[in-house]
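Notes for the one structure printed next.
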Number of protein chains: 2
Amino acid sequence: MAEEPKTVWDRPERGARGPAPERSRRELTSAAIRLADEGGLPAVSMRQVAKRLGTGPASLYRYISTRGDLLDLMADAVTSEIDLDLPSSGDPVEDLATLAGRQKQVYLRHPWLLDLPTEPTVGPLGMDYLERILRALEPTSLSRSTRLETIGLLNGLVTLFARTELRRRHSSSDPAQATMSYLVTAATEERHPFLTAALSDSPGTEAAQDTHTLFERMVRRVLTGLIETP
Amino acid sequence: MAEEPKTVWDRPERGARGPAPERSRRELTSAAIRLADEGGLPAVSMRQVAKRLGTGPASLYRYISTRGDLLDLMADAVTSEIDLDLPSSGDPVEDLATLAGRQKQVYLRHPWLLDLPTEPTVGPLGMDYLERILRALEPTSLSRSTRLETIGLLNGLVTLFARTELRRRHSSSDPAQATMSYLVTAATEERHPFLTAALSDSPGTEAAQDTHTLFERMVRRVLTGLIETP
DNA sequence: GTAATACTGAGAACAGCGATCGCAGTATTG
DNA sequence: CAATACTGCGATCGCTGTTCTCAGTATTAC
């Protein structure tokens, strides 16, 4: 009943018999990441990656068995950018908030992470990150399963705030801007009084809450809520 | 400097001159939704939709100008499934929690909503939903811009929990299952002690927190946190 | 030392995708 | 009744991920 391996990391990078491969998963991955940083996820096509490496699309399938594999590799690779060292404060909330903040920075640096089809498969480096978070959660009295769910929630908050932060960053070329202009014209005074009121304020005039501050506040609040109440 | 309209709803459904269209945006939309409910977002291709309607792919472009338009229409259409009537409790937190819960149900009924490329453009029905939430937020002292951000946060929480709820629902055919089995084999005792410990518990054995309860708790906590502190 | 084996690289090709063009047909306008 | 502005849609373009196939090469076994 042994099934074939499902993740990239279950499959060996290369066999032992034939000629040495001219490239490596690492090279594919970094080329793909560079492409994604420049042109977003759509730029990461087999042909584009192959061109970057000076080879043909078919050759890539010697290293990975599907495009999804490549995306998994990319997601795991950038996880290494998260610095896992932190002063052992002993306060889980503080530690987790710090780690989450660093993770958010990675998302800001690689916005395509937000466009990944599904939550990416956890790879070796993601495992180290997971491990670090679980260590930070150790002083708590949370059940093991709840800890995993807490991590999921934390992750979700990170992506959530990363998304709004990115949206605000270049709100000029934002596709949401189209929605906004549509809303302004389509919201009728009598049918949508509150909406028209909310839209009437020129955005940014009113001191908009600093997103990162809000993020830290939210993370701490959620975490303390989760940790202190059983 | 007037630019051409950006959203579907800015474009007229049909002109006044020629023969009456044999189909309507409504028909396209419901056909697409049915396809998505059955086979997920990938099943919603121009060709498939066209086949459903007994026509050719090219014909669809008489009603919409891009596939994205269709997705926008779909997202807006299912918004109508959210019941906006609720006993005017006057308590913003309670009202919002109820509305968010109903929105989550819609996500559970149409899982493809979670796979939509970007946050969908708000359409007419989405506007009604927005309006309703803003009305619920009226008693608060939040600034107008903060209200919009609160809605974004609330939306994010909904998608977050909908995602985990769906994941748990059919955890058998879950792609994350592959990750799990990989994690179990790859987590080494000395390098990932906490991870191996967390994974050693058979999932579900320990009374897993009811997700919906956790959702309601989280929503209330976040909302009170946002509303009570300026 | 040679034959068998197991691998690598890559050109060609396939099915499916979103989208466009151009043309025949039709209802409305002036 | 002609001019106009629309609709339906077959053909087609360029793109995508992926597979087939086969020549070439390094390793292993005898």
Side-chain angles (χ1 to χ4, degrees), chain A residues 4-6 8 11-29 31-32 35-36 39-74 112 115-118 175, chain B residues 4-6 8 11-29 31-32 35-36 38-74 112 115-118 121 175:
Chain A
E4 68 226 78
K6 293 260 169 49
V8 213
R11 286 183 286 272
E13 168 138 19
R14 57 157 304 190
R17 263 315 210 294
E22 300 177 359
R23 279 158 280 267
S24 65
R25 278 187 188 161
R26 196 167 218 82
E27 289 178 77
L28 295 219
T29 307
L35 277 171
L41 261 206
V44 182
S45 74
M46 293 298 147
R47 283 169 235 269
Q48 298 262 14
V49 174
K51 192 174 291 180
R52 268 288 163 108
L53 297 171
T55 179
S59 303
L60 302 182
Y61 288 87
R62 291 289 169 198
Y63 303 89
I64 53 177
S65 58
T66 186
R67 191 182 106 110
D69 282 357
L70 190 53
L71 300 183
D72 286 343
L73 287 170
M74 291 167 66
W112 45 267
D115 301 327
L116 284 179
T118 77
Chain B
E4 69 228 75
K6 292 259 170 49
V8 214
R11 286 182 286 272
E13 167 137 20
R14 57 157 304 191
R17 266 307 216 296
E22 300 177 0
R23 279 157 280 267
S24 64
R25 278 187 188 161
R26 197 168 216 83
E27 289 178 77
L28 296 219
T29 307
L35 277 171
E38 295 166 10
L41 260 206
V44 183
S45 74
M46 294 298 145
R47 284 169 233 269
Q48 299 262 14
V49 175
K51 192 173 293 180
R52 268 288 163 110
L53 297 172
T55 180
S59 304
L60 303 183
Y61 290 89
R62 290 288 171 198
Y63 303 88
I64 53 177
S65 59
T66 185
R67 191 182 106 109
D69 282 358
L70 190 52
L71 300 184
D72 286 343
L73 286 171
M74 292 167 66
W112 45 267
D115 301 328
L116 285 178
T118 78
T121 304

Among the nucleotides D:dT18, D:dC9, C:dT8, which one has an atom lying closest to any side-chain atom of A:Pro19? C:dT8
Expressed in angstrom and rounded to an integer, what is the separation of B:Arg47 atom CZ from D:dA11 atom P? 13 Å
Apply the test side chain to side chain contact (heavy atoms under 4.5 Å, CB included) to residues B:Val44 and B:Arg67: give CA-CA distance (whole Å), side-chain angles for both, the deciding distance (0.1 Å), then the verdict. CA-CA 9 Å; B:Val44 183; B:Arg67 191 182 106 109; 4.3 Å; yes
So A:Val49, base contact, sugar-phosphate only, or nothing? Heavy-atom distance under 4.0 Å. nothing
Distance, rounded to the nearest Å, where B:Met46 contributes CE and C:dG18 contributes P: 6 Å
I need the CZ-P distance between A:Arg17 and C:dT8, as an integer number of Å. 12 Å
Students often get this wrong, so: under 4.0 angstrom with heavy atoms, is B:Arg62 touching a base, only sugar-phosphate, or nothing? base
Atom CG in A:Leu41, atom CG in A:Leu35: separation rounded to 0.5 Å? 11.0 Å
Given DNA chain C, 5'-ward residue of the pair B:Arg14 and B:Ser45, judged by closest heavy atom: B:Ser45
Nearest-angstrom distance from the residue atom CZ of A:Arg67 to P of D:dC15: 16 Å
Please step through side chain to side chain contact (heavy atoms under 4.5 Å, CB included) for the pair B:Leu73 and B:Leu28, ending with a clear verdict. CA-CA 9 Å; B:Leu73 286 171; B:Leu28 296 219; 5.9 Å; no
Over how many whole Å does the gap from B:Tyr61 atom OH to C:dC17 atom P extend? 11 Å
Using the side chain to side chain contact (heavy atoms under 4.5 Å, CB included) rule, take B:Tyr63 and B:Glu27 through it: C-alpha gap first, then chi angles, then the decisive distance, then the call. CA-CA 10 Å; B:Tyr63 303 88; B:Glu27 289 178 77; over 6 Å; no
Write down the distance between CG (A:Leu60) and C1' (D:dG17), rounded to a whole number of angstrom. 11 Å
So A:Pro21 and A:Arg62, do their side chains get closer than 4.5 Å, heavy atoms only? no
Atom pair distance, as rounded to whole Å: CG in A:Leu41 and P in D:dG17: 11 Å
Is B:Ser59 touching bases, backbone alone, or none of the nucleic acid, heavy atoms closer than 4.0 Å? base
For DNA chain D, whose closest nucleotide is more 5', that of A:Pro42 or that of B:Thr55? B:Thr55
Starting from C1' on D:dC15, measure out to NZ on A:Lys51 and report it in whole angstrom. 12 Å
To the side chain of B:Gln48, which of D:dA11, C:dC17, C:dT8 is closest? C:dC17
